[in-house]
Amino acid sequence: MFCGVIAVLAAALGNLQTAALFVLCGIFFDFFDGFAARVLKVDSELGKQLDSLADMVTSGVAPGLVMYQLILRAMNHDSFATSFIEKGNMSTWSFDDIQFVPFIGFILPIAAAYRLANFNLDERQSTSFIGLPTPAMSIFVISLPLILQYSDIEFMHGLVQNMYVLIGSTLFLSFVMNVEISLFSLKFKNFSIKNNWIELLFILLVVLGLISLKFTSIPLLIVLYILFSILKKKD
């Protein structure tokens, strides 16, 4: 939650790279707090609810605000904070200063809230996921400003700075978070290659993608995760 609040603040101020860093830190703690709870045998219903509330900030509000800023910039406008500073104070603002199209980015936290609430009630998701987990959605979104900052691939820059691509990504991610598709988790019941070949292949592709393409590979890897899960279900 602490990392998520800082990420929200950074995103609101237009520092999307810092927001991405703290979202990643929050996801790191989110992964290991459940592990620590199981090891220490201190898991509880309260912890389950707190986990989802923290996810709502770190993997809901923060990526929604990042997407808002990206769409705003794709429309050739400065970030909200920069525009506000140039205006001087809120009293100089008028209704015409508000850009409504970037509000589409806030569909992400709405979809994340629905998914998290549904996750807490759904007993089918103990060993796999129904719909894309919110941290995976969040990683997809925060990789976009990192691609702009650190990638040299101009084609990807063009996609990330395209308003329609960003809006399409928002709608796609909001949909797959709540669609009835079973997605595998990386909790191995055994180490059989035959039973886990899709998971192992995906891990290999993640490693190769991050080494070769770095942040540029992340959106593609999230899409591959969904496709591999569909393939595994048919298998």
Side-chain angles (χ1 to χ4, degrees), residues 2-32 55 57-83 85 102 104-106 108-109 112 132-174 176-177 186 202-228:
F2 182 76
C3 292
V5 171
I6 296 176
V8 168
L9 176 61
L13 293 175
N15 194 334
L16 304 188
Q17 289 75 34
T18 300
L21 173 63
F22 279 95
V23 167
L24 287 175
C25 289
I27 291 174
F28 173 83
F29 290 125
D30 179 47
F31 179 82
F32 282 101
D55 277 353
V57 177
T58 307
S59 297
V61 178
L65 193 48
V66 169
M67 185 61 79
Y68 166 85
Q69 297 279 32
L70 288 172
I71 296 174
L72 187 64
R73 293 177 183 184
M75 296 173 62
N76 297 318
H77 293 280
D78 290 326
S79 69
F80 178 84
T82 302
S83 181
I85 291 170
I104 293 173
F106 295 141
L108 287 174
L132 185 70
T134 53
M137 175 278 291
S138 187
I139 290 173
F140 183 108
V141 173
I142 65 169
S143 72
L144 302 181
L146 296 178
I147 289 172
L148 290 176
Q149 181 72 21
Y150 299 108
S151 174
D152 296 326
I153 303 177
E154 292 299 326
F155 173 73
M156 291 300 297
H157 283 210
L159 290 178
V160 175
Q161 293 174 315
N162 186 297
M163 178 183 69
Y164 299 104
V165 171
L166 294 172
I167 292 174
S169 299
T170 298
L171 298 178
F172 169 74
L173 292 169
S174 298
V176 295
M177 273 193 288
L186 296 178
F202 177 70
I203 292 173
L204 177 62
L205 290 176
V206 168
V207 173
L208 293 176
L210 291 176
I211 291 175
S212 59
L213 297 174
K214 300 180 176 61
F215 299 115
T216 307
S217 68
I218 292 177
L220 176 60
L221 291 171
I222 299 298
V223 173
L224 283 178
Y225 171 57
I226 298 170
L227 295 177
F228 276 28

Spacing of CD belonging to Gln161 relative to CE belonging to Met75, to within rounding of 0.5 Å: 14.5 Å
Any residue meeting ring pair (Phe, Tyr, Trp, His ring centres under 6.0 Å) with Tyr150, in chain and number order, not counting sequence neighbours: Phe215
Closest non-hydrogen atom pair, Pro109 against Gly60: CB-O, 3.4 Å
Whether Ser138 side chain and Thr134 backbone form a donor-acceptor pair below 3.5 Å: no
Over 12 non-hydrogen atoms of neighbours within 6.0 angstrom of CZ in Phe106: yes
Test item: Pro133 and Tyr225 side chains (from C-beta on) under 4.5 Å apart, heavy atoms: yes
Separation between CE of Met163 and CD1 of Ile71, rounded to the nearest 0.5 Å: 8.5 Å
Residues, nucleotides or ligands: over 12 heavy atoms within 6.0 Å of Phe22 CZ: no
Leu16 vs Arg73, side chain to side chain contact (heavy atoms under 4.5 Å, CB included): CA-CA, chis, key distance, verdict: CA-CA 12 Å; Leu16 304 188; Arg73 293 177 183 184; 3.7 Å; yes
Reported CG-to-CD distance for the pair Leu159 and Glu154, which is rounded to 0.5 angstrom: 11.5 Å
Distance-minimising heavy-atom pair for Ala19 and Ala10: N-CB, 3.7 Å
Residues Asp30, Thr58; criterion side chain to side chain contact (heavy atoms under 4.5 Å, CB included); working and verdict: CA-CA 9 Å; Asp30 179 47; Thr58 307; over 6 Å; no
Sole candidate of Ser169, Pro63, Pro135 that passes side chain to side chain contact (heavy atoms under 4.5 Å, CB included) when paired with Phe140: Ser169
Result of checking Ile211, Leu221, Ile218 against Val206 for side chain to side chain contact (heavy atoms under 4.5 Å, CB included): Leu221
Working for side chain to side chain contact (heavy atoms under 4.5 Å, CB included), residues Leu70 and Leu148: CA-CA 10 Å; Leu70 288 172; Leu148 290 176; 4.2 Å; yes
Sub-4.5 Å side-chain heavy-atom contact between Pro219 and Ile147: yes
Heavy-atom pair of closest approach, residues Leu65 and Val8: CD2-O, 3.4 Å
Heavy-atom pair with the smallest gap, counting every atom of Leu208 and Ser212: O-OG, 2.7 Å
Results of side chain to side chain donor-acceptor pair (under 3.5 Å) for Thr216 - residues two or more places apart only: Ser151
Separation of Ile142 CD1 from Leu24 CG (nearest 0.5 Å): 3.5 Å
Verdict with supporting geometry, Leu144 and Val66, side chain to side chain contact (heavy atoms under 4.5 Å, CB included): CA-CA 9 Å; Leu144 302 181; Val66 169; over 6 Å; no
Interatomic spacing from CG in Leu227 to CZ in Phe202 - rounded to 0.5 Å: 10.5 Å
Euclidean distance, Ile139 CD1 relative to Ser59 OG, rounded to 0.5 Å: 7.5 Å
Closest heavy-atom pair and its distance - Ala136, Ile222: O-CD1, 3.7 Å
